[in-house]
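Order of the sequence lines fixes the chain letters, A, B, ..., with proteins taken first and strands second; residue numbering starts at 1 for each chain.
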2 protein chains.
Amino acid sequence: MTRPDVPCSAVAVDLAVLTVRDRCLHVLVVVRAKRPHQGRLALPGGFLEPDEDLDQAAHRELAEETGLDAADLNVHQLRSYGAPDRDPRGRVVSVCYVALMPDLPLPIAGGDARAADWAPVEQLLAEPDQRAFDHHLLLTDAVEHARDRLSHTTLATTFCPPEFTIAQLREVYEIVWGTQLDPSNFHRKVTGAPGFLVPTGGRTAGTGGRPATLHRAGPATRLHPAILREPHSEQHTKGATGHEYR
Amino acid sequence: MTRPDVPCSAVAVDLAVLTVRDRCLHVLVVVRAKRPHQGRLALPGGFLEPDEDLDQAAHRELAEETGLDAADLNVHQLRSYGAPDRDPRGRVVSVCYVALMPDLPLPIAGGDARAADWAPVEQLLAEPDQRAFDHHLLLTDAVEHARDRLSHTTLATTFCPPEFTIAQLREVYEIVWGTQLDPSNFHRKVTGAPGFLVPTGGRTAGTGGRPATLHRAGPATRLHPAILREPHSEQHTKGATGHEYR
DNA sequence: CCACTTATGGTCACATTGACAAAAATACGG
DNA sequence: CCGTATTTTTGTCAATGTGACCATAAGTGG
């Protein structure tokens, strides 16, 4: 059905699957088994199938790589990448998705036997030229995207198990943002944001301190008021990722 | 160069070019000259050329449709659309860009002689099924994107001429958001946001009121503090566009 | 000079925030 | 069993941002 008079490209869907693990932000990576970039770390992904929506492809790839049903996870399109030379095999336009998930037992070795494992984001970002294709750029953008979203949405709860304490949630923010947050003020903010947290009635025990009340994620998606990343101040002319707004 | 063993798609780049005109938000549309959707209004766009980056393609299309050099305009990728049946001719994945510009003299009839003209966004959004392809969805997302960005970035100035008054800037916010803003409080906020506005020294004249000082866009891109859309309050569980975060 | 219009500045009550203190509720060591 | 350390949770206070609203400044047109 594709028309012969129109330039034709392969369309790939790549995934930046993020989680918080061992007090660090991790991303799911695979070791490439084939050329090009054989042996290098890459984001999991694959080509769009003929009768598939982009979102469907992302969910399928996620299921193949992690064995997880993405239905209740958080998978969102980030942006597309189409530099003409980004894949030496030919023209490939890649649609990148970001998925956030709690620290589940393990990424099952993928359906197609590629080795998939968690890698610390900080370490990967420190060596810009070791990734396959332009996946360093994809990862940079994905992390920045996740950081931004934590401020304005209730996304942080997707890094947590179904029931969690406010300290666990605070740890997520601290790790993703690389900052320290005041426990007392953080508590006030998140409990004050309508629809963010729902107390389950349960409490923790055996942690050597006052037991914490357990919470579930509430119905809200946008956060009001937002939880700000920077202690305020400063001229904000920065923007790291190369996809600067305005 | 494209490998035969991989599903192949056409990749299109579509543009939602927004401007403020006659106190309404307008978008640049073309009347489709060919089937499918002949005679219907569509967002301008075209297919990705073999040796072109996505951003380059967006700039090229913008130049073709408006005759404008996009260098100093504001063109950003929104997201991609890839429903299998979105184009009856075959598989087409479309990367949508949003461009914001001041109300320049006119959109020159495009290089390929298609009629390009401004259409009021409100009117287009009111008739969901009259657009070509899924361009109603693209437009919905583009407008929501622009609205969100006004709060947190200095994007609003790109709707204004090089020199503008604070009242003109306020009008941009009011029109894009569909709200009324208090002139006095708005003035306090925008003049207080560091790097947002730079007074040029000039003043208006002949407007039947106190002359306003003229400003240029400042160096800042992010806005601090943000200029909030809603007078506060309310449970924010909404999200209109179908691409809900969380 | 006066009415009118628009821009800009000020006031005040209120909400949000960060820094910090204090209280509550547990574990653990003696 | 008591005191101390630890962690959660609740307050307090000053600084700042915000909305509602009023006042003043500085033009135009009669």
Please walk me through it: do A/Arg229 and A/Asp148 pass side chain to side chain contact (heavy atoms under 4.5 Å, CB included)?
CA-CA 8 Å; A/Arg229 183 153 142 208; A/Asp148 267 2; 3.5 Å; yes

Using a distance-only criterion (donor-acceptor N/O pair, under 3.5 Å, no hydrogens), is the base of [N] paired with the side chain of [X]?
{"X": "B/Arg203", "N": "D/dG27", "result": "no"}
{"X": "A/Ser184", "N": "C/dG18", "result": "no"}
{"X": "B/Arg210", "N": "C/dG9", "result": "no"}

Whether A/His135 side chain and A/Leu43 backbone form a donor-acceptor pair below 3.5 Å
yes

Taking B/Thr204 for the side chain and B/Ala212 for the main chain, is one N or O donor matched with an acceptor at less than 3.5 Å?
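Yes; judged by distance alone, with no hydrogens or angles, the pair exists.
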
Side-chain contact, heavy-atom cut-off 4.5 Å: B/Leu28 with B/Glu65?
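Side-chain contact under 4.5 Å: yes.
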
Can you find a pair of side-chain heavy atoms, one from B/Thr158 and one from B/Leu73, that are under 4.5 Å apart?
no

Flag the pair A/His76 / A/His145 as yes when their ring centroid distance falls below 6.0 Å, and as no otherwise.
no

Report the distance from atom [atom1] of [X] to atom [atom2] of [N], rounded to the nearest whole Å.
{"X": "B/Gln180", "N": "D/dG19", "atom1": "CD", "atom2": "C1'", "value": "15 Å"}
{"X": "B/Asn185", "N": "C/dA7", "atom1": "CG", "atom2": "P", "value": "15 Å"}
{"X": "A/Leu181", "N": "C/dG18", "atom1": "CG", "atom2": "P", "value": "9 Å"}
{"X": "B/Phe186", "N": "D/dG17", "atom1": "CZ", "atom2": "P", "value": "17 Å"}
{"X": "A/Leu197", "N": "D/dT9", "atom1": "CG", "atom2": "P", "value": "11 Å"}
{"X": "B/Arg188", "N": "D/dC22", "atom1": "CZ", "atom2": "P", "value": "15 Å"}
{"X": "B/Arg229", "N": "D/dG19", "atom1": "CZ", "atom2": "C1'", "value": "19 Å"}
{"X": "B/Leu214", "N": "C/dA7", "atom1": "CG", "atom2": "P", "value": "11 Å"}

Starting at the 5' end of DNA chain C, which residue's closest nucleotide do you reach first, A/Gly208 or A/Asp182?
A/Asp182

OP1 or OP2 of C/dG9 under 4.0 Å from side-chain N/O of B/His187
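Yes, such a contact exists.
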
Using a cut-off of strictly less than 4.0 Å, decide whether A/Thr207 has a side-chain nitrogen or oxygen near OP1 or OP2 of D/dT6.
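Indeed not, no polar side-chain atom of A/Thr207 lies that close.
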
Does A/Gln130 have more than 12 heavy atoms from other residues, nucleotides or ligands lying within 6.0 Å of its CD?
yes

If you look at every strand shown and take non-hydrogen atoms under 4.0 Å, does A/Ala226 touch a base, only sugar-phosphate, or nothing?
sugar-phosphate

So B/Thr191, base contact, sugar-phosphate only, or nothing? Heavy-atom distance under 4.0 Å.
nothing

Which residues in residues 164-178 of chain A have at least one heavy atom lying under 4.0 Å from any atom of DNA chain D?
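Of all residues in residues 164-178 of chain A, the ones placing a heavy atom under 4.0 Å from DNA chain D are A/Ala167, A/Arg170.
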
